[in-house]
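Owing to the predicted nature of the structure, the values given are computational and were not obtained by experimental measurement.
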Amino acid sequence: MWGWAFLLILGNVRCDEGVRGVESIGRVYQELGDEEVEESDLLSYGVEDLLDESEHRGMRGKRSSFYRSGKEVALQVSDTLDILLVKQGYNKQMRPNSGGDPVEVELNMAIRTIGPIDETKEVFSLDCYFRQTWFDPRLKFNTSGLTQLALNWKFLTKIWKPDTVFLNGQRCYLHKMTVPNRFIRVYPDGRVSYSQRLTLWARCAMYLGKYPFDSQSCPLEMGSFGYTAQDLVYKWSSSPLSMDEVEMSQYKLTSWDFGVEKQKSDRKIASGLRTDSVAFLRFDFERQSGFWLLGIYFPLTLVVMCSWVAFWIVKTDVPARISLGVTTVLSVTKIGFGGKAKPQVGYSTALDIYIIICFFYTFAALTEFAVINFITIFVQRHKKQEEEINEKKEQLKKAADILDNLTVSNNGNQTEESEEIDKDTDILAQLGDMKMKVEYSNEKKAVQEQSEETKEDDKSETKTKVSIIQNLVCKVRELERQLAGWKPQLPPIPVLLYEETQYVVDRLDEISRMVFPISFLLTSLCYWTYYFHIAEDFD
């Protein structure tokens, strides 16, 4: 009897907790049979443990009331949004705290990649996650079990959001693969977090005077398009920027900076120029110059050194020296001025200066051979002219002596016609100057015509011949005196160069072998010192 009474009492206690405990206790009774069941006997069979298990199951049932299905959560989110956007009359055209304190927008950016940086267009690009956070009191909610509302990007069309733009941006696009890469989160306290993935190109004013050893500072400026600083201000979060391992082919990111400033905008409002809140990031890039050192500087230096080989080639080997000089000049022109990747700016860069230096030295090596070759030919030409004058002096002296002898013979007796012809031939042969030949022939013809008109006797004819010869002798003597005092007009060069031309030319080659390498070394030293330690990165 006591056993059945205990079972009934225990079954009533367990009816709300399940039938499993009753079945267990029933199994205990079946094992005991129809014998009287004492409390001690039940405890010996573990009924106390079954009671503890029943209490545990009751507590778990109470906790299960806090868990809901996904359908219940969705209905609760939908009801919350209806209350926030519809029943409370949310106006997305008006900013939070309209007419009051400005909205404070907190910015954060996660950069995935930077580059390329295009110095020809003066732009740089980056791929980033751009995040904005602000408080909107109209979106506060207090729903049990909801810590945030994770919403689709289409929800952005239902609420107010900052009209943030990149002030120095040129192009920008939102990633849409496979869906628009942006999301929004709304928290119970009214905080709204908005994130989107962007790839943008921004302007970066560059000074390339030290190209390719330059460093550039490129800003990224963000501000509101429609709101002034009285309505919207920006600030950076505690960790404003995060980025992956940034690797660029031409540049290295050395440092970055951030800040917020209020500045006058070029846009006007009724009261004048508006004051905007502008947040900025500034990236400092240093160009990696290894490509230009290996691809331009080293080949140009090697070509300049090759041009010095001409100083060891014999100057009489004109084709070899000319070919080497022209080849080096053309090589510098091709390597230095033929590249299309150089920035097209209106001022000279460090690379342009070095190209001009190399071009000057190769052209100077070619000019050096032209100078020594010209000096040799020029001096030889003057020496040849001097020899011709001296030879002409000798010819005139011989012609004058022949005329003197002829004058004496015509005064003493008459000569035969054949002898006269021979004398004329000898005189003309000795007179190497064409002008003297013409004067002698004209003088003789004029006197003969005069003698035919007078028709004098043989004695007058003899006097005519004598007068012809005497007149010609006077002119020859006069020309001889003029040539005796003539000296060749030398160019304005040292006498040593005129007298010892071969020695001077050889010395010029020897001096060039030392002057060209030493001067190029000093010029290069000044070049590298200036552009690495003196020249400024920014104009």
Side-chain angles (χ1 to χ4, degrees), residues 77-78 80-86 88 90-98 100-113 126-143 146-169 171-202 220-229 231-244 258-260 276-281:
V77 171
S78 180
T80 302
L81 294 178
D82 288 340
I83 295 173
L84 294 176
L85 301 180
V86 179
Q88 294 182 0
Y90 187 91
N91 187 359
K92 67 177 182 180
Q93 306 297 333
M94 303 297 294
R95 70 173 180 86
N97 303 325
S98 179
D101 295 334
V103 180
E104 193 175 73
V105 179
E106 185 178 276
L107 301 178
N108 171 263
M109 186 174 289
I111 296 179
R112 295 176 56 87
T113 59
L126 55 88
D127 182 8
C128 66
Y129 292 106
F130 182 53
R131 307 182 183 112
Q132 303 176 77
T133 303
W134 67 93
F135 282 91
D136 192 342
R138 298 171 295 179
L139 297 178
K140 287 184 178 180
F141 63 91
N142 186 12
T143 301
L146 289 179
T147 58
Q148 66 177 10
L149 297 178
L151 303 174
N152 187 271
W153 60 270
K154 294 182 179 180
F155 182 72
L156 290 169
T157 60
K158 305 295 184 181
I159 66 171
W160 178 91
K161 57 184 178 297
D163 57 346
T164 306
V165 295
F166 295 96
L167 301 178
N168 63 329
R171 287 187 298 154
C172 180
Y173 70 86
L174 174 71
H175 286 252
K176 296 182 179 180
M177 188 174 55
T178 58
V179 294
N181 293 180
R182 54 184 179 179
F183 70 86
I184 190 167
R185 299 285 187 270
V186 180
Y187 297 90
D189 58 353
R191 182 165 57 97
V192 182
S193 178
Y194 172 38
S195 177
Q196 53 188 337
R197 183 182 178 185
L198 303 173
T199 294
L200 60 94
W201 287 261
L220 183 62
E221 299 176 347
M222 292 149 281
S224 174
F225 185 80
Y227 294 101
T228 64
D231 297 320
L232 189 147
V233 294
Y234 291 96
K235 74 171 186 177
W236 290 101
S237 64
S238 57
S239 81
L241 182 66
S242 61
M243 64 179 68
D244 299 335
F258 67 95
V260 179
D276 293 341
S277 175
V278 177
F280 64 87
L281 284 171

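Without hydrogens or angle criteria, D136 side chain to R138 main chain gives a donor-acceptor distance under 3.5 Å. The backbone N or O of I184 lies less than 3.5 Å from no partner atom in the side chain of R182, so there is not a single donor-acceptor pair. Side-chain atoms of T157 come within 3.5 Å of backbone atoms of K154 as a donor-acceptor pair (strictly under, hydrogens ignored). Checked by atom type and distance alone, the side chain of S237 never pairs as donor or acceptor with a backbone atom of E106 at under 3.5 Å. Looking only at distances, a side-chain donor or acceptor of D163 sits under 3.5 Å from a matching main-chain atom of G226. In this structure, W236 contributes its side chain and G259 its backbone to a donor-acceptor pair below 3.5 Å.
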field: Verdict with supporting geometry, V192 and R185, side-chain contact (heavy atoms from CB on, under 4.5 Å)
entry: CA-CA 6 Å; V192 182; R185 299 285 187 270; over 6 Å; no
task: Could you walk me through whether V260 and S277 pass side-chain contact (heavy atoms from CB on, under 4.5 Å), step by step?
output: CA-CA 7 Å; V260 179; S277 175; 3.8 Å; yes
message: The test is side-chain contact (heavy atoms from CB on, under 4.5 Å); show your working for L149 and F141 and say whether it passes.
response: CA-CA 10 Å; L149 297 178; F141 63 91; 3.8 Å; yes
field: side-chain contact (heavy atoms from CB on, under 4.5 Å) between N168 and L220, worked out
entry: CA-CA 7 Å; N168 63 329; L220 183 62; 4.1 Å; yes
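Rounding to the nearest 0.5 Å places CH2 of W134 at 11.5 Å from CZ of R191. For the atom pair OG1 of T80 and CG of N142, the computed distance is 10.0 Å after rounding to the nearest 0.5 Å. Rounding to the nearest 0.5 angstrom, the gap separating the CG atom in L126 from the CZ atom in R112 is 12.5 Å. In this structure, the separation between CG on L81 and NZ on K158 is 11.0 Å, given to the nearest 0.5 Å. The structure places CG of D101 at 11.0 Å from CG of D231, a figure rounded to the nearest 0.5 Å. Interatomic distance, S195 OG to N108 CG, rounded to the nearest 0.5 Å: 8.5 Å.
Side-chain contact between L85 and F155: present, with at least one pair of heavy atoms (C-beta onward) separated by less than 4.5 Å. Side-chain contact between Y90 and L139 is present, with at least one heavy-atom pair separated by less than 4.5 Å. Side-chain atoms of V103 and P162, non-hydrogen and from C-beta on, never get closer than 4.5 Å to each other. A heavy-atom distance below 4.5 Å is not found between the side chains of R131 and L107. A 4.5 Å side-chain heavy-atom check between P96 and F135 finds every atom pair outside the cut-off.
The two residues Y227 and D276 make their nearest non-hydrogen contact at O-OD1, 3.9 Å. Taking all atoms of both residues into account, the shortest heavy-atom contact from Y234 to S224 is OH-N, 3.4 Å. Residue N181 comes nearest to M177 through the heavy atom pair ND2-O, 3.5 Å, listed as atom of the first residue, atom of the second, then distance. Nearest heavy-atom pair across M109 and C128 is CG-CB, 3.9 Å. Nearest heavy-atom pair, D127 versus L198, reported as atom, atom and distance to 0.1 Å: OD1-O, 3.1 Å. Between T147 and Y187, the closest heavy-atom pair is O-CD2, 3.8 Å.
No option in L156, T164, I159 other than L156 meets the side-chain contact (heavy atoms from CB on, under 4.5 Å) test with Y194. Applying the ring-ring contact (aromatic ring centres under 6.0 Å, His included) test between F166 and each of F280, F225, F130 identifies F130 as the sole match.
W201 carries R171 over the face of its six-membered ring, with the cationic atom under 6.0 Å from the centre and within 45° of the normal.
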